[in-house]
Every structure is written in C-alpha cells, then in structure tokens.
Colleague: 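Dumping the structure here so I can ask a few things about it.
Numbering of ligands and ligand atoms starts at 1, following listing order.
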Amino acid sequence: MTTLQAELDHVDQLAPDESLTTREGWRRFVEHQSAPPVLPTAAELTALSARARAELVQARRDYHSDLPLAHTPVIRKLLTTGRLLVQLNRGQISARRGMILSGASGTGKTTALTQLGRTHERAVRKRHPGRAGQDRIPVVYVTVPTDATPKMLAVEFARFYGVEFGSRATMPDIVNTVCAVAARTHLELVLIDEIHNILDTRARAEVSDQLKYFAERLPATFAYAGIEVEERGMFAGPRGRQIAGRFTLIDSTPFDYGTPEHKTAWRSLIATLEHSLRLHRHQPGTLVEQADYLYERTGGAIGSLSVLIRGAAVLAIEDETEQITLDLLDLIPLDHTATSTTPVRRRTTKGRR
Ligand SMILES: Nc1ncnc2c1ncn2[C@@H]1O[C@H](COP(=O)(O)OP(=O)(O)OP(=O)(O)O)[C@@H](O)[C@H]1O
Ligand SMILES: [Mg+2]
C-alpha cells in the first residue's frame, strides 16, 4: 500500500461542500481523520447490549455512506504536478505556473483538488508546528459562483478568510484586504473550483481579468478545476492563450475499459473500494468479479461507482444481509449521465444473487 493510500484511508470523503469555502470548514477538512469502525465477531456481538449494537450499526451506516478515498491516477498526477509547481513558483515574482483540472462531471475533480490542498496544508503544518503554524493559512479554496462578477469573485476570497464588508465597500477595499491577509498568513496555494462558471458569465472578460490580477498579486500557485473547460473555450483568444502558456492541463476523465491495462486499473479501483467495506458477510473479491457490470452501469465515472458501492453497502446493513449482491447494486439509481451514456444491458455475468 502506498503512503498516500494509507493517508487517504483516514480521510472520509467529507462532502466537498460549501463549508470548505470558509477557513474553519477547510481546516476541519484538513485535520479530519477517522478510522474504519471495528467489525466485532458474532460472539462479541451477542455479548453487546441492544443499544450498543444499534450504535454500532449506525456507525457502520455512516462510515459506508462516506467511504475512504482511493488513490486514483488523477489524484496522483495533480499531487505530483502541484508539489513541483509550488516548489518552482517559490521566489518567482511573476509568471508563476499553474494547473487546470478539466473533465466531465463526477470524475473526481473537486476531490482531487481538495486532496491537493489538504496534502499541502498538512505538509506546511508539519514544517511549522505549534503556534506559528496555527496562524498560517497556506491554502485557500473558493468556488466561482454562477453568473459571477469580478466583485463576487473577490468576495469569495474575503469570505474564505472570514472578512466581512458592508455593501458600500469598493473593489479595491476588498482586494487589498484579501491580499494583505494572504501575505500575513503565508498563502501558498489557491484552489479555484467550478472555474467553468467564468466561461458562462456575461462578465467573462472582467472576471478573467480579476482572476489574473489575483494571480499576479498573490504570491501563490493557482490550481483550477472545472467542467470541460478546454472544449468551452478557456484557452481561446488573447486571454486564453496567456492561460494556455502558463497552465498545465490535467484531464479528469472517466476510467477507460478498452485494453487489458485499463481493465486492470478499473479492477484495482474496485478492489480498493471493496477493501474498505466493513460488512459482516461480504466475501472479498466478489465486487471485483463484477467489474464488467460495474463498468456498464457507471461508464467508468468514479462518482457513479462510489454511489453504487456506498449505496449497496448501506442497503446491505439496513436489510441485514451484510453483503453486496447484484440485486442490491441493481436497486441503486444512478445519475442521468451514467444512465444515458451507458444503457444497462441485462447482465450476462454470473453473479452471486
Ligand atoms: N479518489 C476517489 N476515491 C473514492 N471516491 C471518489 C474519488 N474521487 C471522487 N470520488 C467520488 O466521486 C464523487 C464525485 O467526485 P467529485 O465531486 O470530486 O467530482 P467532480 O469531477 O468535481 O464533479 P462535478 O464536475 O460535478 O463537480 C465524490 O462525491 C466521491 O464520492
Ligand atoms: Mg466538482
């Protein structure tokens, strides 16, 4: 097991939600560690009180709704590139290099971006333990609002830092305050999610310029994530060409299934997720045997695969069968993309029913 996988095993998926876009929520995410619940033997179970048993069931239900993360190729690539760029950008006064993670919805972009931030911040905290380290805010995570204006973008940064402004605050007030706080707290990495919203907004040119201004004034490495930004013209025009020249593009695509190597990678992803299950009667390896079926249902999207496995695990606890079967997997509804791009043929695979 790689060290990263070992580290990821202790991270719940902790839904990358709104709360990550504030300093407190982000810090909770960075510091959060959890261990999988212990699976008692049959004898230990019968010795427990009804209440203790119910608590254990609830703990396992919670755990399976939010399984640990797998170390995917996208996470690996983003972390390696991110580490390198942060190093290369240190001491660079301008023209710092950045990264853009682009791909379809549900392919794990937000997960990879937040893992990059988490890994970086934990490394910084290790290097600066104690009080001095606590005052550092090395990573900022913001999302671009839909129909964003330059001011809305600036306010997102301020909101992360917990700085509030009255309605009469001007753009320079907000931007200057953000830059001052960033300098005081040693900002090193800026993560901007939902970057495709910039491409859709009416104020596209102004918002892009505002972002560029931040990228010049904040002495940090910038990493963006968004849905299919290349296809949507992120690199078109003079502004786009400048981004193209400075940013490394990392594709976040669904898993492929064409070659034996692809199949091995898909099976190994399933094996990692299966390994994290804590069900009483689940036979290890039975999910990996269903690799074809799981690919047909999900089209290789990790988001859909994760919903299928987590959903079936929760149902297996609720109906007390304690194992994932094809019948249970069949019961889990998937998102529209997975169902529309991968029509589910009635399986021919022989499976445990
Ligand atoms: N490395 C991983 N290991 C396990 N599950 C993962 C991993 N990456 C993503 N997932 C699962 O896939 C779901 C979707 O991932 P995520 O939200 O990161 O996708 P996204 O590409 O950002 O999607 P969108 O474009 O819709 O924002 C997550 O909620 C998580 O459950
Ligand atoms: Mg996302």
Colleague: From the options T110, T272, L67, D193, select the one whose nearest heavy atom is closest to atom 22 (O) of ligand 1.
Modeller: T110
Colleague: List ligand 1 atoms under 4.0 Å from S306, heavy atoms only on the residue side.
Modeller: 11 (C), 31 (O)
Colleague: Which atom pairs, one a donor and one an acceptor, fall under 3.5 Å between side chains of residues 233-248 and the rest of the protein, sequence neighbours left out?
Modeller:
{"unit_1": "R239", "atom_1": "NE", "unit_2": "D209", "atom_2": "OD1", "d": "2.7"}
{"unit_1": "R239", "atom_1": "NH2", "unit_2": "D209", "atom_2": "OD2", "d": "2.9"}

Colleague: Does an N or O anywhere in A112 fall below 3.5 Å from an N or O of ligand 1?
Modeller: no
Colleague: Pull out every atom of ligand 1 sitting under 4.0 Å from any heavy atom of A70, numbered as shown with elements.
Modeller: 1 (N), 2 (C), 3 (N), 4 (C)
Colleague: Any heavy-atom pair between the side chains of R297 and L305 that's under 4.5 Å?
Modeller: no
Colleague: Would you call E322-R60 a salt bridge at under 4.0 Å N-O?
Modeller: yes
Colleague: With the threshold set at 4.0 Å, does a side-chain nitrogen-carboxylate oxygen contact exist between R159 and E156?
Modeller: yes
Colleague: Would you kindly confirm whether L56 and V314 end up in one hydrophobic cluster when ILVMFWY residues are joined by side chain heavy atoms under 4.5 Å apart?
Modeller: no
Colleague: Does any non-hydrogen side-chain atom of R184 lie less than 4.5 Å from one of C179?
Modeller: no
Colleague: Evaluate the ring planes of F29 and W26, with Trp represented by its six-membered ring, and classify them as parallel (under 30°), tilted (30 to 60°) or perpendicular (over 60°).
Modeller: tilted
Colleague: Below 4.0 Å, non-hydrogen atoms only: which portion of T111 touches ligand 1? Side chain, backbone, both or neither.
Modeller: both
Colleague: For ligand 1, is there an atom lying under 4.0 Å from some heavy atom of R310?
Modeller: yes
Colleague: How does H71 reach ligand 1, by side chain, by backbone, by both or by neither, if only non-hydrogen atoms under 4.0 Å count?
Modeller: neither
Colleague: Looking just at side-chain N and O atoms, do T259 and H262 make a donor-acceptor pair shorter than 3.5 Å?
Modeller: yes
Colleague: Ion pair present between D200 and R232, side-chain N to carboxylate O less than 4.0 angstrom?
Modeller: yes
Colleague: State plainly whether the residues D66 and R310 are in salt-bridge range, i.e. N to O under 4.0 Å.
Modeller: no
Colleague: Please identify which atoms of ligand 1 are closer than 4.0 Å to at least one heavy atom of E194.
Modeller: 27 (O)
Colleague: Provide the number and element of each atom of ligand 1 under 4.0 Å from a heavy atom of I227.
Modeller: 25 (O)
Colleague: Is it the side chain (CB and beyond), the backbone, both or neither of S105 that lies under 4.0 Å from ligand 1, heavy atoms counted?
Modeller: both
Colleague: Below 2.8 Å, which protein N, O or S atoms neighbour the Mg ion (ligand 2), ignoring water?
Modeller: T110 OG1
Colleague: Among L79, L101, T111, T107, whose side-chain contact (heavy atoms from CB on, under 4.5 Å) with V74 holds?
Modeller: L101
Colleague: Between E216 and K212, does any NZ, NE, NH1 or NH2 come within less than 4.0 Å of an OD or OE carboxylate oxygen?
Modeller: yes
Colleague: Once you measure the plane-to-plane angle for Y295 and W266, does it fall in the parallel (<30°), tilted (30-60°) or perpendicular (>60°) bin?
Modeller: perpendicular
Colleague: May I ask you to check if ligand 1 and L69 share an N or O to N or O distance below 3.5 Å?
Modeller: no
Colleague: Would G108 count as being in polar contact with ligand 1, using the rule that some N or O on each side must be under 3.5 angstrom apart?
Modeller: yes
Colleague: Taking 4.0 angstrom as the limit and counting only heavy atoms of I75, give me the atoms of ligand 1 inside it, by number and element.
Modeller: 1 (N)
Colleague: I'd like to know if G106 contacts ligand 1, where contact means a heavy-atom distance under 4.0 Å to any ligand atom.
Modeller: yes
